[in-house]
Asks: 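Dropping a structure here in structure tokens format, bear with me for questions.
Side-chain atoms are counted along with the backbone in the values below, which use heavy atoms only and exclude waters and symmetry mates.
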Amino acid sequence: MNRNKNYTLIAIILLIGVYGYNFWLEKEEDKKVVYEGIKIKGDTNVFFLPSSTTGQVVHHDGYSLSYNEKYEQAEWVAYELKKEHLANRNFKRPYFEIDKTIKTKAAHWKNYKQSGYDKGHLCPAGDRKYSKQAHDETFLTSNISPQLHEFNSGIWNTLEQKVRYWAEKYDGIYVLTGGVLNGELPTIGEEQVGVPNYFYKVLLDYNNGNPKA
DNA sequence: GTCTAGGGCA
DNA sequence: TGCCCTAGAC
């Protein structure tokens with residue numbers, strides 16, 4: 001591996017269980033509202049969705065994201081991981097495609113080629129195995145970020161598997177993932193895709209407030 | 001064996 | 001774009 005680059009990747013893992021907001025926790029139908037809140041376009045930062053600093057929030061069927069044009073990647077990706085989303089089907093790895101829903105144009109995957117970095121999923125393909133459509137959707141360039149292979153297939157991968165375990169255990173959770181995009185970051189490719197130094201995940205369990213860390 | 005990936009080649 | 005092989009971490 002090329003050691004000329006400054007490797008200081010650290011994962012910051014934030015696991016937050018929330019007790020509050022009883023007014024939408026207690027009723028079953030409210031779950032529905034939350035779920036729809038993710039998908040309905042035009043809704044402002046409904047419920048758990050964070051605010052966007054770029055003003056460009058895009059909703060896909062399987063997840064929502066806020067795209068940061070400067071760094072050519074999403075500042076966050078949010079999705080719900082339901083128990084029934086968990087599946088073991090194995091889809092063929094599709095081709096990475098440019099996310100056409102990004103108005104300012106998402107980066108091309110060629111930026112990542114031979115950059116030494118992985119095209120790391122923010123919304124993991126492994127969390128969207130309940131349908132091929134949802135699975136393939138994670139292979140949009142708006143859903144990936146440059147990650148070291150060692151990091152992506154190592155501790156990050158482990159974390160994603162734990163997320164799946166928790167989704168099973170707590171009957172569904174919300175997941176928010178992103179890289180820390182600020183300041184001057186190293187870039188790759190012609191479009192200068194920023195390379196985050198840190199990645200984070202925030203988990204929200206809406207019907208069982210067991211805080212975990 | 002299961003996940004995450006890169007890369008070569010028709 | 002599909003197919004198939006390789007590699008690391010757990």
Asks: Can you check the K162(A) NZ to dA9(C) P distance for me, whole Å?
Replies: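 That distance rounds to 17 Å.
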
Asks: Mapping N90(A) and K119(A) to their closest nucleotides on DNA chain B, which lands nearer the 5' end?
Replies: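 Mapping each residue to its closest nucleotide by heavy atoms, the 5'-most match is N90(A).
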
Asks: Please give, in whole Å, the distance from dC3(B) P to H135(A) NE2?
Replies: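 It works out to 10 Å between those atoms.
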
Asks: Counting only side-chain N and O atoms of N157(A), is one of them less than 4.0 Å from OP1 or OP2 of dA9(C)?
Replies: no

Asks: Whole Å only: how far is the NZ atom of K113(A) from the C1' atom of dG7(B)?
Replies: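 So the two atoms are 8 Å apart, to the nearest Å.
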
Asks: Within this structure, what is the CD-to-C1' distance between E150(A) and dC3(B), rounded to whole angstrom?
Replies: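 Distance, rounded to whole Å: 16 Å.
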
Asks: Given atom CG of D136(A) and atom C1' of dG2(C), what is their separation to the nearest angstrom?
Replies: 13 Å

Asks: Would you indicate, yes or no, if dA5(B) has its OP1 or OP2 atom less than 4.0 angstrom from a side-chain nitrogen or oxygen of H121(A)?
Replies: yes

Asks: With a 3.5 Å cut-off and heavy atoms only, can you find an N or O donor on one side and an acceptor on the other between the side chain of R93(A) and the base of dG6(B)?
Replies: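 Yes, the side chain and the base share a sub-3.5 Å donor-acceptor pair.
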
Asks: Considering residues at least two apart in sequence or located in another chain, which fulfil the side chain to side chain donor-acceptor pair (under 3.5 Å) criterion with E69(A)?
Replies: T104(A)

Asks: By nearest atom, which of the nucleotides dA5(B), dT1(C), dT4(B) is closest to the D118(A) side chain?
Replies: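 Selected nucleotide: dA5(B).
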
Asks: Go through dC3(B), dG8(C), dT1(C) for me and flag the one nearest to the R164(A) side chain.
Replies: dC3(B)

Asks: Do you know the tightest heavy-atom contact between S145(A) and P196(A)?
Replies: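 Distance-wise, the nearest heavy atoms are OG-CG, 3.5 Å.
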
Asks: Quick check: do L81(A) and R128(A) have side-chain heavy atoms less than 4.5 Å from each other?
Replies: yes

Asks: Can you name the closest pair of heavy atoms from W156(A) and Q147(A) and give their distance?
Replies: NE1-NE2, 3.7 Å

Asks: Could you tell me how far apart Y95(A) (OH) and dG6(B) (P) are, to the nearest whole angstrom?
Replies: 12 Å

Asks: Taking only the side-chain heavy atoms of T158(A) (C-beta and beyond), determine which of dC3(B), dG6(B), dC10(C) contains the nearest atom.
Replies: dC10(C)

Asks: Please report, rounded to the nearest Å, how far the C1' atom of dC10(C) is from the CG atom of N152(A).
Replies: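 Whole-Å distance recorded here is 14 Å.
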
Asks: Can you tell me which nucleotide in dC3(C), dC3(B), dT1(C) comes closest to the side chain of K129(A)?
Replies: dC3(B)

Asks: If the condition is salt bridge (charged side-chain N to carboxylate O under 4.0 Å, His left out), which residues does D136(A) pass it with, not counting sequence neighbours?
Replies: K132(A)

Asks: Can you tell me how far C1' of dA7(C) sits from NE2 of H149(A), to the nearest Å?
Replies: 6 Å

